[in-house]
Amino acid sequence: MASATFKPSGVREGLHGEDRGESKMSRAIFRIWRGATAPRDTERASQSGSGFVDYPLEISEGMVVLDAVHRIQAEQAPDLAVRWNCKAGKCGSCSAEINGMPRLMCMTRLNHLPLDKPVQIEPMRTFPLIRDLVTDVSWNYSIKRRIQPLTPRPPDDSDGTWRVQQQDMDRVQEFRKCIECYLCQDVCHVLREHQGFDEFAGPRFFTHMAALEMHPIDQGSRLKALREEFGLGLCNITKCCTKVCPEGIHITDNAIIPLKERVVDEYFDPLRMLFRRKTK
Amino acid sequence: MSVAYEAHEYDVLVVGAGGAGLRAAIAASAAGAKVGVVMKSLLGKAHTVMAEGGVAAALANVDERDNWKVHFSDTMRGGAYLNQWRMAELHAKEAPERVRELEAWGAVFDRTHDGRILQRNFGGHRYPRLAHVGDRTGLEMIRTLQDHGIHRGMTTHMETTLVALLLDDGRIAGAIGYDRERGRLRVFRARAVVLATGGFGRAFQITSNSWEYTGDGPALAYRAGAELMDMEFVQFHPTGMVWPPSVRGVLVTEGVRGEGGVLRNSEGKRFMFDDIPPLYRNQTADNPEEGWRYVTGDRNARRPPELLTRDHVARCIVREIKQGRGSPHGGVYLDIAWIAEKIPNAGEHIRRKLPSMYQQFKELADLDITREPMEIGPTTHYAMGGVRVDADTQMSSVPGLFAAGECAAGLHGANRLGGNSLSDLLVFGNRAGQYAAEFAQQHGPARPDEAQIEAAARAAVAPFERAASAESSPFLIQQDLQVMMQSHVGIVRRADEMEQALTKLENLRQRAERVGVAGNREYNPGWHTALDLRNLLLVAEAITRAALERKESRGAHFREDFPEKSPEYGGFNQVLRRGGDGRMELRRQPLPPMPAPLQVIIEEMK
């Protein structure tokens, strides 16, 4: 059976012609943060010897930033610290700031970056630095532990299962795409500029709580905690989180704003306020 | 001299926080044990996140003809009957319950029209059997287990790597390792240990596996006196990316073929129709039309040959490439875009069913899979072999030492069916956790002596005492090992090449013994790679020795010099252990006899 869409060998011509695996080489400079003092702490960084180091490197077609970092590790700096796992955009380990933009190193292709000037790679600025490109993200784990877990209603069926329509799963599935790379946390000004770690959960956990609140079988309520403990009100919907999300989750529109509406309905609806006063 | 370390004490220590480790930790916790989990990465990042297609369980939501017996016989057939029948039986019977329980913990599986868990077709499974969430089922599973587990009272030690297991008079007593952040030594005393460290794809050059997959579990267990089994069976997944070079090996889910994707060579021919193995002829479509009816849910149609088992599909692809009908970058074409001929809105359908594949090709290869065929080729994917365990309890030959998931052997025999890995780690993770907790309750505390701790600690920091040099770079030795294993012990194997491999492994080991690392112990990847190397070298030797001795072709193991299946070799598994003189010893372990009722099931389903 001939296929109309099938195009044998010439198919990729525009991209790399007829070559069989060889790739064009060129050079680029990678300006990478080294040391255990964070870039934002300018004075201490220079005292402790932390700072940017330039690594010139031969690069080939199709490479991503993480490939460059690995090649530098293997050939020039074996103790260069970097956190990574899957190298396919699925685990969310290799978050960093590339030319000032929070991104996954494994999903940032070099041919999408200007290579006539150094490619600057630095650790996420919002979290404490461990060393080089690795930050301490343990705060995020402590927040999640404080969130009420799924609290399911009794099963619909005697075999312990529920009946849920796909359309009701759809909006939760969007939030479940999150790979916990914490880039949204990194870019959020409440954390980044104002260090609101004690009073604010951040976009990642608003998405997590939205997934629980909208979960078709959940009976729990996290609205009180969102308002009083997790600082939902501090978010002024600048949508920076949405812009950096590598999974394309509509964090602001689909998670945060609906949660804000639910909190308003719960606490500021005049009829409900009246009702609450009477039942107290 | 005594070494400084941080000490922890648990009833059950779980090593690894992928699906099997987390499920074991939840089970052990539920049984009342004090549980610690050590993991090489951060919580929620383990290799399970990479699993795409789904979790196999005979829920019979889509086709009511499915049941555990069909799943059992599919698994045995897929494994060329070298599977431990008892594990295949337990797996098929318990998988549905383990999947339903995930739903109660918050997993949001795709749904059928009547609101139940949807199941999809996959290679080697007779009926639609894989519960899934688009093509990111593994992420959903690990997040569900993680979010449930953190409220079950387990202590997590993130970015912590073990270097040795500790014993007390032959019984397990704990483990010693280091944390990546500061390089501090940590001793974990435990009454029972569950290994859930995954596989060892990093022994090969082209792999879908992450850096963590260095065979730590099998290597630690082997050094502690446990046995390894089925090490010759390494699964090469037929569809990995081949272009650009930096993503070579990254997995392309079998779900693409489950949704109607077809394989073609450079002449545009669907070459999978050319070679359908006799064992599968009755169940396989012999024309494209029937294949398409199958993937669109026609229950009377037989499955297309693209959905034959992974070992077979991988070898057919290698044949096309070797005979000059490959794609420009040394692969063949996987085409899902063609379904536009068959259904309206095909682009939208593909993006909904295979969202991460769409994104992966768009971002990493500048290719739109809804419009163009993908270039793919085989990639090292899964270890059927690993620690030899008891089928019911998952305990190894070392009392108190358990293993579950990919790092254990037995369920999959000579070849694993897609989807059986996620169900494996749920079923046997649960069992290992349960029995480890029971073992801990029945046995008093074990005491590792300080001499063991000291010896392991010394070996761990030894690379710092040697000068770092280009020749002794752990990264380069690892690369050389990967290239050598790929070419000498890869998809197609020969005695002479494997003999050479053993010599080369000896050279690599000598180089590894001289590895020196620069810098200090804080988050030092050179040091970590130097330590991982020891494990990789050990499993590489085990793979090679077992592959050399199996003089036949079966499942994932293909010998060019013995291309046929041999009845003689069908009767045993190969078991490796450390002999008295420190050398690796191999023996043949006859298959346990299968009870008559199970034999009847297999005959009926043929």
Side-chain angles (χ1 to χ4, degrees), chain A residues 1-9 11-12 15 18-21 23 36 60-64 67 73-74 78-82 84-93 107 109 130-132 134 137 141 144-145 149-150 152 159-166 169 172-173 176-177 179-180 215, chain B residues 41-45 49-50 100 103-106 108 110-111 114-116 133 136 139-140 143 147-148 150-151 181 210-212 243-247 250 264 266-268 288 327-330 335 337-338 340-341 356 360 363 366 371-373 468 473 475-476 517-519 522-526:
Chain A
M1 176 186 55
S3 153
T5 53
F6 181 74
K7 290 168 280 176
S9 58
V11 67
R12 313 292 316 283
L15 195 59
E18 288 298 301
D19 66 349
R20 296 181 70 87
S23 40
S60 43
E61 195 183 338
M63 274 174 76
V64 294
D67 291 315
Q73 215 176 39
D79 63 341
L80 168 57
V82 56
W84 69 287
N85 269 52
C86 75
K87 210 180 163 292
K90 294 200 170 75
C91 76
S93 299
M107 296 302 277
R109 285 171 57 120
I130 292 176
R131 204 164 67 75
D132 303 340
V134 180
V137 294
Y141 289 90
K144 194 187 244 182
R145 225 167 270 130
L150 184 89
D159 66 357
T161 61
W162 288 265
R163 293 287 178 275
V164 181
Q165 292 307 306
Q166 182 60 44
M169 279 299 186
V172 180
Q173 285 181 339
R176 301 283 287 186
K177 277 159 53 184
I179 55 174
E180 298 196 334
H215 197 296
Chain B
S41 290
L42 297 175
L43 183 60
K45 308 298 183 193
V49 299
M50 299 290 284
R100 287 188 205 113
E103 180 153 71
W105 297 346
V108 286
D110 287 354
R111 316 307 288 185
D114 63 345
R116 298 190 295 169
V133 186
R136 46 166 203 86
L139 173 66
E140 185 67 26
R143 201 65 80 228
D147 292 352
H148 182 74
I150 56 173
H151 297 285
E181 183 174 341
S210 79
W211 70 270
E212 297 189 283
W243 183 264
S246 71
V247 295
V250 171
R264 295 186 213 271
S266 60
E267 293 161 4
S327 65
H329 301 103
D335 189 3
W338 81 278
E341 293 170 21
S356 57
Q360 182 174 312
E363 297 199 10
D366 285 330
R371 305 166 66 94
E372 292 177 89
S473 156
F475 297 105
L476 297 184
V517 296
E522 293 177 7
Y523 222 107
N524 186 335

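Chain letters run A, B, ... following the sequence lines, proteins first, then strands; residues in each count from 1. All values below come from the heavy atoms of this structure, side chains included, with hydrogens, waters and symmetry mates left out.
Residues Leu43(B) and Tyr141(A) form a side-chain contact, since some pair of their non-hydrogen atoms from C-beta on lies under 4.5 Å apart. Side-chain atoms of Glu363(B) and Arg109(A), non-hydrogen and from C-beta on, never get closer than 4.5 Å to each other. You'll find the side chain of Arg136(B) reaches within 4.5 Å of the side chain of Lys177(A), heavy atoms only. Counting heavy atoms from C-beta outward, His215(A) and Val108(B) have side chains that approach closer than 4.5 Å. The side-chain heavy atoms of Met63(A) and Pro244(B), taken from C-beta on, include no pair separated by under 4.5 Å.
With a 4.5 Å cut-off on non-hydrogen atoms, Asp132(A) does not touch chain B at all. Looking at Asp67(A), only its side chain comes within 4.5 Å of chain B, counting heavy atoms on both sides. Looking at Arg131(A), the atoms closer than 4.5 Å to chain B (heavy atoms on both sides) all sit in the side chain, from C-beta outward. Contact of Met169(A) with chain B is made through the side chain alone, with heavy-atom distances under 4.5 Å. Interface remark: Val137(A) contributes side-chain atoms only to the contact with chain B (heavy atom separation under 4.5 Å). In this structure, chain B has heavy atoms under 4.5 Å from both the backbone and the side chain of Ile179(A). Heavy-atom distances place both the backbone and the side chain of Val164(A) under 4.5 Å from chain B.
For the side-chain contact (heavy atoms from CB on, under 4.5 Å) test, residues two or more places apart in sequence or in another chain that qualify with Pro152(A) are Leu150(A), Trp162(A), Ile217(A). Scored by the side-chain contact (heavy atoms from CB on, under 4.5 Å) test, Ser356(B) finds Lys90(A), Asp135(B) as partners (sequence neighbours excluded).
Nearest heavy atoms, Leu139(B) versus Arg176(A): CD2-O, 3.8 Å. Pairing each heavy atom of Pro525(B) with each of Pro78(A), the nearest pair is CG-O, 3.7 Å. Closest approach of Val134(A) and Tyr523(B) over heavy atoms only: CG1-CE1, 3.5 Å.
Rounded to the nearest 0.5 Å, atoms OG (Ser93(A)) and CH2 (Trp211(B)) are 9.0 Å apart.
Annotation: maximal heavy-atom pairing with chain B below 4.5 Å, among Pro149(A), Cys86(A), Gly160(A), Ala74(A), occurs at Pro149(A). Comparing Gly89(A), Ala88(A), Cys91(A) by how many heavy-atom pairs each has under 4.5 Å with chain B, the most go to Cys91(A). Of all the listed residues (Glu180(A), Lys144(A), Lys87(A)), the one sharing the greatest number of non-hydrogen pairs under 4.5 Å with chain B is Glu180(A). Of all the listed residues (Ala468(B), Ser246(B), Ala518(B), Gly519(B)), the one sharing the greatest number of non-hydrogen pairs under 4.5 Å with chain A is Ser246(B). Of all the listed residues (Glu181(B), Glu212(B), Arg111(B), Gln360(B)), the one sharing the greatest number of non-hydrogen pairs under 4.5 Å with chain A is Arg111(B).
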Report the C-alpha separation of Asp114(B) and Arg163(A) in whole Å, then their side-chain angles, then the decisive distance to 0.1 Å, and conclude whether the salt bridge (Lys or Arg N to Asp or Glu O under 4.0 Å) test is met. CA-CA 7 Å; Asp114(B) 63 345; Arg163(A) 293 287 178 275; 5.1 Å; no
Please step through side-chain contact (heavy atoms from CB on, under 4.5 Å) for the pair Arg116(B) and Thr161(A), ending with a clear verdict. CA-CA 8 Å; Arg116(B) 298 190 295 169; Thr161(A) 61; 5.7 Å; no
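The backbone N or O of Ile150(B) sits nowhere less than 3.5 Å from a side-chain atom of Arg145(A) that would complete a donor-acceptor pair. Judged by distance alone, the side chain of Lys45(B) and the main-chain N or O of Asn85(A) form no donor-acceptor pair under 3.5 Å.
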